[in-house]
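Structure first, commentary second.
Remember, it's a predicted structure, so these values are computed and weren't measured experimentally.
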Amino acid sequence: MHGEYKVPGGKLVVVDLDVVDGLLRDVSLSGDFFLEPDEALGVMSAALDGTPRDAPVTQLVRVVDDALRLAVDQGRIAGPVAMVGFDTRAVALAVRRALGLSTAWSDHEFALLHPGPLPPALHTALDQVLTEELAAGRRGPTLRFWEWQEPAVVIGSFQSLRNEVDSEAAARHGVTVVRRISGGGAMFMEAGNCITFSLVVPGSLVDGMSFEDSYAFLNDWVLGALADVGVVATTSGLNDIASPAGKIAGSAQKRLAGGAVLHHVTMAYDIDADKMLEVLRVGREKLSDKGTRSANKRVDPVRSQTRLPREQVIDAFIAHFRSRYRTVDDELRPDELARARELMVTKFSDPAWTARVP
């Protein structure tokens, strides 16, 4: 069995192994990483031999770390061990990929969904439906771009409605407030002023990753797409994407027990910052860790850096995604739309859900 894991921004880790009676055997570790001393490579491979096939990432990491510490303590290798471009978690993920328990982007085909304008509450309902469909095995991974017409604020699952939204200002500007199933912060959305997309993937794609690592991993293609339109961007903090000129986007996740992960991104294109400040209660405490004193400086619209129409930016994002991953055009299925419309009425447009955290 053969598995590979490319560390984001780092090196390739390769593992070849066999499984005998449920245990790993003949484990061979290789890659283009840097490792000192040389003997540490054999220690890591030997440590994995005899490990149960179903060992989780945490156990595999512990086995390798303990073996390296023991080898140094016993003088079998000269310490300290230096791993450059990878770590023991990368080794564990390569093992899990060899076993088929962890997957790579190349193991999947992604459905591209880009329907016409839909109500914001229907978009949040579709996030739940498509994630549940993947968890149930009725749909594969999907990338879905949002289009809408009426202005909206989409708040995170755990945010306080009254602390985040000025209801009088929202009503004055005709802004609908919707609560989504994922955590994170509020999204101020007017048609044409931001780019929003949802990515639904199996849990195996982020197997063994912390939430922080999975954000960077699932946003890596976004950084490449931004580069294609002339924006140099990096991940910032836990879930933001930023350029030297300021914040560009925020992302949020929800993981279902069935093994599906919802990851979505909202990117400022040409935001009306004054209106946003009227509708959203952006507090000083939240701004303090961003190194800025006003929300106007927090969001650097994509339009100002690309000088491209929003539609052209979206087309470039789709083209970049296609260039990296197997992608097929698809449409929402009638039963998916019917279920989403039901949830839009019974949940996502219901004040009981929207104000579940008052």
request  = Would you check if P52 and Q59 make a side-chain contact, meaning some heavy-atom pair closer than 4.5 Å?
outcome  = yes
note = Heavy atoms of L29 and S45 approach each other most closely as N-OG, 3.2 Å
task = Can you establish whether the number of heavy atoms outside E331 located under 6.0 Å from its atom CD is more than 12?
result = no
query = Are W146 and W148 close enough that some pair of their side-chain heavy atoms sits under 4.5 Å apart?
reply = yes
ask   = Is there any side-chain hydrogen bond (donor to acceptor under 3.5 Å, both in side chains) pair reaching into residues 5-22, and which pairs are they, with sequence neighbours excluded?
value = H2-D16
query = Any side-chain heavy atom of K347 within less than 4.5 Å of one from T354?
reply = no
key: Sub-4.5 Å side-chain heavy-atom contact between L60 and V91   = no
request  = Scan residues 22-41 for pairs that pass salt bridge (Lys or Arg N to Asp or Glu O under 4.0 Å), counting only residues two or more places apart or in two chains.
outcome  = R25-D49
request  = Taking T266 for its side chain and T196 for its backbone only, find out whether a donor-acceptor pair lies under 3.5 Å.
outcome  = no
key: Side-chain donor-acceptor pair present, H114, D329, cut-off under 3.5 Å   = no
task = Please report the closest heavy-atom contact between Q159 and A186, naming both atoms and the distance.
result = OE1-N, 3.1 Å
query = Considering only heavy atoms from C-beta outward, does the side chain of V95 approach that of L48 to under 4.5 Å?
reply = yes
query = Nearest 0.5 Å, what's the CG-CG distance between L68 and L70?
reply = 9.5 Å
ask   = At their closest point, which heavy atom of A121 faces which heavy atom of M344, and how far apart are they?
value = CB-CG, 3.7 Å
ask   = Excluding sequence neighbours, so at least two apart, what forms ring pair (Phe, Tyr, Trp, His ring centres under 6.0 Å) with F197?
value = F145, W221
query = Would you find a donor on one side and an acceptor on the other, under 3.5 Å apart, between the side chain of E4 and the backbone of A94?
reply = no
remark   = Tracing side-chain contacts under 4.5 Å among Ile, Leu, Val, Met, Phe, Trp and Tyr outward from L256 reaches none
query = Atom CG in L41, atom OG in S30: separation rounded to 0.5 Å?
reply = 8.0 Å
query = How about F317 and F321: are their ring centroids closer than 6.0 Å?
reply = no
request  = Could you tell me whether the side chain of D166 and the main chain of A169 form a donor-acceptor pair under 3.5 Å?
outcome  = yes
task = Return the minimal non-hydrogen interatomic distance between P151 and G174, and the atom names on each side.
result = CG-O, 3.3 Å
task = Decide whether M83 and V64 are clustered together by the hydrophobic rule: side chain heavy atoms of Ile, Leu, Val, Met, Phe, Trp, Tyr closer than 4.5 Å, transitively.
result = yes
Salt bridge R138-E133, side-chain N to carboxylate O under 4.0 Å = yes
Extract all donor-acceptor atom pairs below 3.5 Å that involve side chains of residues 203-213 and protein atoms in other chains or at least two apart in sequence.
| residue | atom | partner | partner atom | Å |
| --- | --- | --- | --- | --- |
| S204 | OG | T103 | OG1 | 2.8 |
| D207 | OD1 | R96 | NH2 | 3.0 |
| D207 | OD2 | R96 | NE | 2.8 |
| S210 | OG | D213 | N | 3.0 |
| S210 | OG | D213 | OD2 | 3.2 |
| D213 | OD2 | R89 | NH2 | 3.3 |

remark   = Sorted by chain and number, sequence neighbours left out, side-chain contact (heavy atoms from CB on, under 4.5 Å) with D350 holds for A352
query = When hydrophobic residues are tied together by side-chain contacts of less than 4.5 Å, even through go-betweens, does M187 share a cluster with M276?
reply = no
request  = Answer yes if L143 and L134 sit in the same cluster of Ile, Leu, Val, Met, Phe, Trp and Tyr residues linked by side chain heavy atoms under 4.5 Å apart, and no otherwise.
outcome  = no
inquiry  = Any donor-acceptor pair under 3.5 Å linking the side-chain atoms of N239 with those of S251?
reply    = no
Main-chain N/O of L262 paired with T131 side-chain donor or acceptor, under 3.5 Å = no
key: Pairwise distance CG(L93) to CG(D87) - rounded to 0.5 angstrom   = 8.5 Å
request  = Establish, from distance only, whether the side-chain atoms of S182 and H264 form a donor-acceptor pair under 3.5 Å.
outcome  = yes
ask   = Under the 3.5 angstrom rule, does the side chain of T88 hit a backbone N or O of D65 as a donor-acceptor pair?
value = no
request  = Step by step, work out the side-chain contact (heavy atoms from CB on, under 4.5 Å) result for Y269 and V302.
outcome  = CA-CA 4 Å; Y269 174 73; V302 171; 4.1 Å; yes
ask   = Does Y215 belong to the same Ile/Leu/Val/Met/Phe/Trp/Tyr cluster as V222, with side-chain heavy atoms less than 4.5 Å apart forming each link?
value = no
message = Filter on side-chain hydrogen bond (donor to acceptor under 3.5 Å, both in side chains), then keep only pairs touching residues 307-318, sequence neighbours left out; what's left?
response = E147-R310
request  = Look at R339 together with E336 and state whether they make a salt bridge at an N to O cut-off of under 4.0 Å.
outcome  = no
query = Would D127 and R144 count as a salt bridge (charged side-chain N to carboxylate O under 4.0 Å, His left out) if you check the C-alpha gap in whole Å, the side-chain angles of each, and the deciding distance to 0.1 Å?
reply = CA-CA 9 Å; D127 272 350; R144 182 175 64 88; 2.8 Å; yes
request  = Only pairs at least two apart or in different chains count here, so list each ring pair (Phe, Tyr, Trp, His ring centres under 6.0 Å) that has a residue in residues 337-358.
outcome  = F348-W353
message = I need the full list of salt bridge (Lys or Arg N to Asp or Glu O under 4.0 Å) pairs touching residues 176-195, with sequence neighbours left out, sorted by first then second residue.
response = E190-K275
message = Could you check whether any side-chain N or O of S243 sits under 3.5 Å from a backbone N or O of A245, counting only pairs where one atom can act as donor and the other as acceptor?
response = yes
ask   = Remaining members of V84's ILVMFWY cluster at a side-chain heavy-atom cut-off under 4.5 Å?
value = F34
key: Contact check, side chains of V229 and Q305, non-hydrogen atoms, under 4.5 Å   = no
key: Residue pair V63 / A47: nearest heavy atoms and the distance that separates them   = CG1-O, 3.3 Å
From CG (L161) to CD1 (I155), nearest 0.5 Å = 5.0 Å
message = Ignoring hydrogens, what is the shortest heavy-atom contact between A340 and L126? Give both atom names and the distance.
response = CB-CD2, 3.6 Å
task = Could you grab the distance from atom CG of L280 to atom CZ of F188, nearest 0.5 Å is fine?
result = 7.0 Å
key: Side-chain heavy-atom pair Q253, S214 within 4.5 angstrom cut-off   = yes
message = Quick check for you: to the nearest 0.5 Å, what is the distance between H123 atom NE2 and M189 atom CE?
response = 7.0 Å
key: Remaining members of hydrophobic cluster (4.5 Å side-chain criterion), V357   = none
ask   = Around Q74, counting heavy atoms of other residues, nucleotides and ligands shown, do more than 12 lie under 6.0 Å from its CD?
value = yes
request  = Without swapping roles, check the side chain of R281 against the backbone of R162 for a donor-acceptor pair under 3.5 Å.
outcome  = yes
query = Under a single-linkage definition using a 4.5 Å side-chain heavy-atom cutoff for Ile, Leu, Val, Met, Phe, Trp and Tyr, are I248 and L218 assigned to the same hydrophobic cluster?
reply = yes
Residues clustering with V14 (ILVMFWY side chains joined when closer than 4.5 Å, directly or via others) = L12
task = Give a yes or no on whether the backbone of L122 and the side-chain of T124 come within a donor-acceptor separation of less than 3.5 Å.
result = no
task = Find out whether T51 and L23 are in side-chain contact, i.e. whether some heavy atom of one side chain is under 4.5 Å from a heavy atom of the other.
result = no
query = Has the side chain of Q128 got a donor or acceptor atom that lies under 3.5 Å from a matching backbone atom of A125?
reply = no
request  = Show your working on salt bridge (charged side-chain N to carboxylate O under 4.0 Å, His left out) between R326 and D107 and close with a plain yes or no.
outcome  = CA-CA 9 Å; R326 286 186 293 130; D107 295 322; over 6 Å; no
